[in-house]
Amino acid sequence: MNKIELRSEFLQSRLNTSKQQQINHNHQLVNHIKQSDLWLTAHSVAIYLAFNGEADISALLQTDKLIYLPAIKGQRMQFQLFTTDTVFETLSYGLKQPKYIDDLIQDPIDLYLMPLVAYDIHGNRLGMGGGFYDRYFASDVTGIRAGVAFSSQRADQLPVDQWDVTLQHIFTEQGHLIT
Ligand SMILES: Nc1nc2c(c(=O)[nH]1)N(C=O)[C@@H](CNc1ccc(C(=O)N[C@@H](CCC(=O)O)C(=O)O)cc1)CN2
Ligand SMILES: Nc1ncnc2c1ncn2[C@@H]1O[C@H](COP(=O)(O)OP(=O)(O)OP(=O)(O)O)[C@@H](O)[C@H]1O
């Protein structure tokens with residue numbers, strides 16, 4: 001299967017999980033993340049606001065760490081510091097994000113927790129198809145790349161394009177996988 005077929009299949013299967021199951025899995029996921037050395041040693045962490053049935057780790061917003069959220073404009077994505085003053089906007093397809101700040105200088109971030117549509121145990125990642133994370137990491141970015149997903153989003157072997165950026169870690173409700 002190609003990426004487009006895999007994406008539609010995994011997006012569909014993600015929507016088939018019951019509400020209660022999702023709540024349980026989100027809770028387990030957040031606990032695995034919070035117990036990990038990755039989280040414990042990071043000062044600044046990029047997370048995301050779940051949409052479209054993604055694993056919801058927004059409980060991590062309540063922390064002493066510096067939390068960053070992605071904001072997109074055109075083809076660009078940057079990570080903006082989340083504070084009590086953060087103003088949000090909702091994009092046409094229902095994605096909520098901090099209002100994009102023009103001419104922002106990107107702070108370095110220790111740990112990136114990324115949403116995904118599917119992953120494999122080699123650390124390959126299939127996203128929404130916008131290429132936002134791939135383009136972001138194509139420029140010199142330090143920081144650890146970790147994917148966040150339900151274990152049902154695991155694929156046997158994803159197709160890989162030359163621009164694809166791999167995951168060094170994956171968190172699911174079942175635990176923490178190092179690729
Ligand atoms: N929660 C979350 N935030 C995120 C991402 C993500 O995957 N999840 N992104 C990771 O990249 C960026 C947003 N990326 C996106 C990439 C593609 C589409 C997209 O396919 N939009 C379709 C309409 C969607 C639909 O309803 O089918 C479109 O523009 O036509 C949306 C967002 C930044 N923030
Ligand atoms: N480094 C890059 N430079 C230019 N274009 C890129 C780069 N990385 C990805 N792209 C473009 O982004 C598009 C989407 O790529 P892909 O299908 O792998 O996205 P994805 O990883 O699923 O999405 P996302 O990263 O937003 O979650 C591709 O058509 C590709 O041309």
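Just the heavy atoms: all of them, side chains too, but no hydrogens, waters or symmetry mates, feed the values below. Just follow the structure's listing: the first ligand is 1, and inside any ligand the first atom is 1. Residue numbers start at 1 and run along the sequence shown.
Residue contacts with ligand 1, taken as heavy atom pairs separated by less than 4.0 Å, involve Glu54 solely via side-chain atoms from C-beta onward.
Near Tyr133, with a cut-off below 4.0 Å to any heavy atom, the atoms of ligand 1 are 9 (N), 10 (C), 11 (O). Near Leu49, meaning under 4.0 Å from any of its heavy atoms, are these atoms of ligand 1: 1 (N), 2 (C). Taking a cut-off of under 4.0 Å to the non-hydrogen atoms of Asp164, the atoms of ligand 2 that pass are 18 (O). Interface of Met128 with ligand 2, defined as ligand atoms under 4.0 Å from a residue heavy atom, comprises 22 (O), 23 (O), 27 (O). Under a 4.0 Å criterion applied to the non-hydrogen atoms of Met77, ligand 1 contributes the atoms 33 (C). Atoms of ligand 1 found under 4.0 Å from any heavy atom of Tyr48 (numbered from 1 in listed order, with element): 1 (N).
Contact check for Thr90 versus Leu95: no side-chain heavy atoms found under the 4.5 Å cut-off. Contact check for Met114 versus Phe132: no side-chain heavy atoms found under the 4.5 Å cut-off.
Judged purely by atom type and a 3.5 angstrom limit, Thr179 uses its side chain to pair as donor or acceptor with the backbone of Leu167. In this structure a side-chain-to-backbone donor-acceptor pair under 3.5 Å is present from Asp134 to Val165. Under a 3.5 Å cut-off, the side chain of Gln153 and the backbone N or O of Phe10 do not form any donor-acceptor pair.
For the pair Arg125 and ligand 2, a heavy-atom separation below 4.0 Å is found. At least one heavy atom of Arg7 sits less than 4.0 Å from an atom of ligand 2.
The aromatic rings of Tyr112 and Phe79 sit perpendicular to each other, their planes meeting at more than 60°, with 30° as the lower class boundary.
When hydrogens are left out, the protein atom nearest atom 6 (C) of ligand 2 is Arg135 CG, 3.6 Å; that is the closest non-hydrogen contact. Nearest protein heavy-atom contact of atom 22 (O) of ligand 2 is Gly127 N, 2.8 Å. Closest protein heavy atom to atom 18 (O) of ligand 2: Lys3 NZ, 2.8 Å. Here the protein heavy atom with the shortest distance to atom 1 (N) of ligand 2 is Ala138 CB, 3.4 Å. Gly131 N, 3.4 Å is the protein heavy atom nearest to atom 19 (O) of ligand 2. Distance from atom 15 (O) of ligand 2 to its nearest protein heavy atom, with residue and atom name: Trp163 NE1, 3.3 Å. Protein heavy atom closest to atom 14 (C) of ligand 2, with residue, atom name and distance, is Gly129 O, 3.2 Å. Among all non-hydrogen protein atoms, the one lying nearest atom 21 (O) of ligand 2 is Asp134 OD2, 2.9 Å.
Within 6.0 Å of CZ on Arg154 lie no more than 12 heavy atoms contributed by other residues, nucleotides or ligands.
At least one N or O atom of Phe132, backbone or side chain, sits closer than 3.5 Å to an N or O atom of ligand 2.
Partner Gln97 forms a side-chain contact (heavy atoms from CB on, under 4.5 Å) with one of Thr86, Ile72, Leu49 and no other, that one being Ile72.
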